[in-house]
Amino acid sequence: MALALGLLWLAALPLMGSPGPATLSLAAIGAAFGARRGLGYLAGIVLGTTGVLLLVASGVTGLVLAVPALVWIVTFLAVAYIVYLAYRIATAPVVARQDAAVPAPSIGGGFLLAIANPKAFAAIGAVYSSHNVVPGNPIQDAAVKIAALVLVIILVNVAWLAFGAAFSAVLRDPRRGRAANVVFAVLLVVSVVIGVL
């Protein structure tokens, strides 16, 4: 089982940790608002991505994908929220000039982005379905894979928030800070366009 679990993690880390809407948005939130103010959004991303994992593990994803209209509605809502979030990131005050009156993105926003993230469904679906950790016991296999992948979800997303927050310390200069916010916002929109296409 240890070898199978190690192989699951080796596949999960690059797939689930690669740049995508959730990870890039966390880096952008970290850069624009700092790590502490991004914790609520991080919690939403972790909860939403865990929700995706549970949908994949339970087979509900197959039912949702069988209704094309529902897929389009969820995709539209996700894209609309990501564009809104990109705007908020691009126009956020530079960290040095922020005050508590400027609200950071919320737990609900993180959850919405994560649960509607097409990259999450693709990456988690690929990792979950291609590995068998406990042969002959589907219930235990599912439980172990879910626990192992929740750990990856937490690790990857904390790392992206910390990565972005590390930039916030460097980007206290208003011009560089504004440029970084805009670059993160553009990367976020590009990541969702690539994911939808």
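Residues: numbered from 1 along the sequence shown.
Sorted by first then second residue, the side chain to side chain donor-acceptor pair (under 3.5 Å) pairs that include residues 15-24, not counting sequence neighbours, are S18-K119. Within the structure, the side chain to side chain donor-acceptor pair (under 3.5 Å) test picks out the following pairs touching residues 38-56 (sequence neighbours left out): S25-Y41. Under the side chain to side chain donor-acceptor pair (under 3.5 Å) criterion, no residue pair touches residues 1-16, with sequence neighbours excluded.
Residues Y87 and I29 fall into different hydrophobic clusters, defined by Ile, Leu, Val, Met, Phe, Trp and Tyr side chains chained together at heavy-atom separations under 4.5 Å.
The two residues L26 and N157 have their closest heavy-atom pair at CD1-OD1, 3.2 Å. In terms of heavy atoms, V133 sits closest to A4 at CA-CB, 3.9 Å. Of all heavy-atom pairs between F33 and P105, the closest is CE1-CD, 3.5 Å. The minimum heavy-atom distance linking D141 with H131 is given by the pair OD2-O, 4.3 Å. The shortest non-hydrogen separation linking V156 to G17 is CG1-CA, 3.4 Å. Contact between A114 and V52 at its shortest, heavy atoms only, is O-CG2, 3.4 Å.
Taking CG from L149 and CD1 from I154, the interatomic distance works out to 11.5 Å, rounded to the nearest 0.5 Å. One finds the CG atom of L161 at 6.5 Å from the CG atom of L39 (value rounded to the nearest 0.5 Å). The CD1 atom of I107 sits 12.5 Å away from atom CG of L112, with the distance rounded to the nearest 0.5 Å. In this structure, CD1 in I146 is found 5.5 Å from CG in L54, a value given to the nearest 0.5 Å.
Contacts of F163 classified as ring-ring contact (aromatic ring centres under 6.0 Å, His included), with partners at least two apart in sequence or in another chain: W160, F167. With sequence neighbours excluded, no residue satisfies side chain to side chain donor-acceptor pair (under 3.5 Å) with S129.
L3 forms part of a hydrophobic cluster together with L7, L10, judged by ILVMFWY side-chain heavy-atom separations under 4.5 Å.
When side chains are defined from C-beta on, L53 counts as touching I153, because their heavy atoms get closer than 4.5 Å. Taking the side chain as every heavy atom from C-beta outward, I124 and L55 never approach each other to under 4.5 Å.
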